[in-house]
Colleague: 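Please find one structure pasted underneath; my questions will follow.
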Amino acid sequence: MAEESENGQEKTEQPTPKRQQDAKEKGQVPRSRELNTTVIMVLGAGGLLVFGGFMAGQIFQVFDLAFNVSREKIFDPEAPINLFRHAIAMGLLGVAPFALLMLVAALITPAAMGGWTFSAKAMAPKLEKLNPVKGLGRMFGVKALVELGKALAKVLVVGGVSALLLWSLQDRITQLAVEPLGSGVNEGLKIFFWSFFALASALILVALVDIPYQLWDHTKKLKMTLQEVKDELKQTEGKPEVKGKIRQLQNQIAQGRMMENVPRADVVITNPTHFAIALQYDQKRMRAPRVVARGVGVVALRIREIAEENRIPRVEAPPLARALYHTTELEQEIPAGLYLAVAQVLAYIYQLRTVNRYGGQRPKPPNPDIPEEFREVAERGRTPPDDGN
């Protein structure tokens, strides 16, 4: 069943990116304590296996340095201080690799879920946490039951693995009593380190269950009602800078698609510099020529460049270019009133293709016949009344 908001509406919508970002700024990110604990313990156990011998050697050297003191050093006032400094340096050197490994684990593990975040809002005191009613709700709520289930799961998993280890290692543990001190200590440390590693690895099962639950629970808390999504959309899109950015992106996308259509045009009609209209006409599929690209200024310049790169014919007809620009949109057929003018241009293009293929005298550039109402549109930049097309 979907969770309800304070006003009784069901939270059925997934959280928006803005809702997620706001939650992150408040310090509300998915976290799994089981993951943190498991990774630190597994790496700690692995670190003991890798660096345990080196650490033990350093500790033995510190003991040797502390208990094997010559008679001369005993009566030297500065010797104890020097020995103490040397012992501290050897001890720090012994634990440095393991400590560095633990530091890296403690810093990187939280970033695996939700990333690093620092929020002053999360550190601020909240009086609502002192509410005893809500405190009781947290103690006996669903989250408390989940935490209880995880605790029981850890007890069962760790207890089961411990029992299995004791059963499988009982002969080796018993044998330690009859071994010499040196080899016995060495063997005992091996048993301890590998057992610790096995117990830590067993917690991976609990972490694998806890991670999906924490992600689901975090998303559930951030879910929104349909009205909240609408209000956020209105608030976001109402900002002038957001509207301007959206329009800019839409224009960029539209221009990118439009420029891809220029190579399939039959002709580009220009002003010659300010306007550029790319037309395509397929007698089998189209009722009339269609505008596949249009623009002024920089966009018109780019249309002409692409047309030149793809050897698309270009015709300079300023009144016709302006009339087409002000009376048509992308992927629209030209108005019926401009059929004759465009037909004259296309006839000129077809004649050019014939001459280029078979030779002959080049035709003269056309002077398209444009109806008076479209000439007025070309001059004023306004759309004429409906021509009945």
Side-chain angles (χ1 to χ4, degrees), residues 246-357 362-389:
I246 293 175
R247 284 195 298 267
Q248 182 182 358
L249 293 174
Q250 289 174 341
N251 291 336
Q252 290 177 353
I253 295 172
Q255 289 182 11
R257 294 176 179 173
M258 182 178 68
M259 295 305 176
E260 293 176 357
N261 295 332
V262 174
R264 59 185 178 92
D266 292 303
V267 63
V268 174
I269 303 174
T270 63
N271 190 38
T273 56
H274 296 88
F275 292 81
I277 310 294
L279 299 178
Q280 182 189 25
Y281 181 53
D282 186 340
Q283 297 180 0
K284 296 180 180 179
R285 297 187 300 109
M286 299 179 184
R287 188 170 61 92
R290 181 177 299 169
V291 176
V292 295
R294 61 191 291 274
V296 295
V298 178
V299 178
L301 175 61
R302 183 56 183 157
I303 292 174
R304 294 197 301 272
E305 290 176 349
I306 297 177
E308 185 175 352
E309 293 172 359
N310 292 272
R311 298 182 179 179
I312 305 299
R314 190 176 67 185
V315 175
E316 293 183 6
L320 178 58
R322 291 195 298 268
L324 286 169
Y325 180 82
H326 291 299
T327 58
T328 57
E329 297 293 337
L330 280 176
E331 300 300 330
Q332 283 187 356
E333 294 180 350
I334 64 173
L338 295 177
Y339 281 0
L340 177 58
V342 173
Q344 292 172 343
V345 173
L346 291 176
Y348 167 73
I349 296 301
Y350 297 152
Q351 292 174 8
L352 275 182
R353 291 178 181 174
T354 302
V355 170
N356 292 335
R357 181 176 300 179
R362 293 178 63 85
K364 293 181 180 181
N367 185 18
D369 297 326
I370 302 176
E372 188 63 29
E373 64 269 22
F374 284 94
R375 287 187 178 274
E376 293 179 1
V377 171
E379 294 297 330
R380 300 177 185 178
R382 297 184 304 180
T383 303
D386 188 2
D387 60 3
N389 182 27

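Numbering of residues begins at 1 and proceeds along the displayed sequence.
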Colleague: Taking side chain to side chain donor-acceptor pair (under 3.5 Å) as the cut-off, I'd like each qualifying pair that reaches into residues 340-352, sequence neighbours left out, listed once.
Modeller: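 Every side chain to side chain donor-acceptor pair (under 3.5 Å) pair that includes a residue of residues 340-352, provided the two are not neighbours, is Gln344-Asp369.
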Colleague: For the pair Val292 and Val262, evaluate side chain to side chain contact (heavy atoms under 4.5 Å, CB included) and give the outcome as yes or no after the intermediate values.
Modeller: CA-CA 7 Å; Val292 295; Val262 174; 5.9 Å; no
Colleague: Minimum heavy-atom separation for Tyr339 and Ile334, please, with both atom names.
Modeller: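 Smallest interatomic distance, heavy atoms only, reads CE1-O, 3.5 Å.
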Colleague: Looking at side-chain heavy atoms only, is the closest gap between Val299 and Arg294 below 4.5 Å?
Modeller: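 A side-chain contact is absent here, since even the closest heavy-atom pair is not under 4.5 Å.
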Colleague: So which heavy atom on Gly337 is nearest to which on Pro371, and how close?
Modeller: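 In terms of heavy atoms, the two residues are closest at O-CG, 3.2 Å.
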Colleague: Name the one of Ile269, Ile277, Leu320, Val291 that satisfies side-chain contact (heavy atoms from CB on, under 4.5 Å) with Tyr325?
Modeller: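 Answer after filtering Ile269, Ile277, Leu320, Val291: Ile277.
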Colleague: Other residues, nucleotides and ligands only: do more than 12 of their heavy atoms fall within 6.0 Å of CG on Asn367?
Modeller: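 It does not: Asn367 CG has 12 such atoms or fewer within range.
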Colleague: Could you measure the distance from the CG atom of Asp266 to the CG atom of Leu279? Nearest 0.5 Å is fine.
Modeller: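 Those atoms lie 8.5 Å apart.
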Colleague: Can you name the residues that form a side chain to side chain contact (heavy atoms under 4.5 Å, CB included) with Asn271, not counting sequence neighbours?
Modeller: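 His274, Phe275, Pro318, Arg322.
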Colleague: Does atom CD of Glu308 have more than 12 heavy-atom neighbours from other groups under 6.0 Å away?
Modeller: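 Open: at most 12 neighbouring heavy atoms sit under 6.0 Å from CD of Glu308.
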Colleague: Nearest 0.5 Å please: distance from the CE atom of Met259 over to the CD atom of Glu305.
Modeller: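 So the gap between those two atoms works out to 9.0 Å.
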Colleague: Roughly how far, to the nearest 0.5 Å, is CZ of Arg304 from CD1 of Ile306?
Modeller: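 Rounded to the nearest 0.5 Å, the CD1-CZ separation comes to 11.5 Å.
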Colleague: Out of curiosity, Glu333 CD to Met286 CE, how far, rounded to the nearest 0.5 Å?
Modeller: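 It comes to 8.5 Å.
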Colleague: Which pair of heavy atoms, one from Pro263 and one from Ile312, lies closest together, and at what distance?
Modeller: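 It is O-CD1, 3.5 Å.
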Colleague: Hey, could you give me the OG1/CZ distance between Thr327 and Phe374, rounded to the nearest 0.5 Å?
Modeller: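 Atom-to-atom, Thr327:OG1 and Phe374:CZ are 5.5 Å apart.
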Colleague: With sequence neighbours excluded, tell me which residues meet side chain to side chain contact (heavy atoms under 4.5 Å, CB included) with Glu372.
Modeller: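 Partners of Glu372 by the side chain to side chain contact (heavy atoms under 4.5 Å, CB included) criterion, ordered by chain and then number, come out as Arg375, Glu376.
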Colleague: If we ignore angles and hydrogens, is there a donor and acceptor under 3.5 Å between the side chains of Arg264 and Asn261?
Modeller: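 Arg264 vs Asn261: donor-acceptor pair found between side chains.
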Colleague: So do the side chains of Leu352 and Pro363 get within less than 4.5 Å of each other, counting heavy atoms only?
Modeller: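 Sidechains of Pro363 and Leu352: in contact.
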Colleague: To the nearest 0.5 Å, tell me how far Thr354 OG1 sits from Ile349 CD1.
Modeller: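 The CD1 atom of Ile349 is 11.0 Å from OG1 of Thr354, to the nearest 0.5 Å.
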Colleague: Do Val345 and Val267 touch side chain to side chain, with heavy atoms closer than 4.5 Å?
Modeller: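 Heavy-atom side-chain distance check passes, below 4.5 Å.
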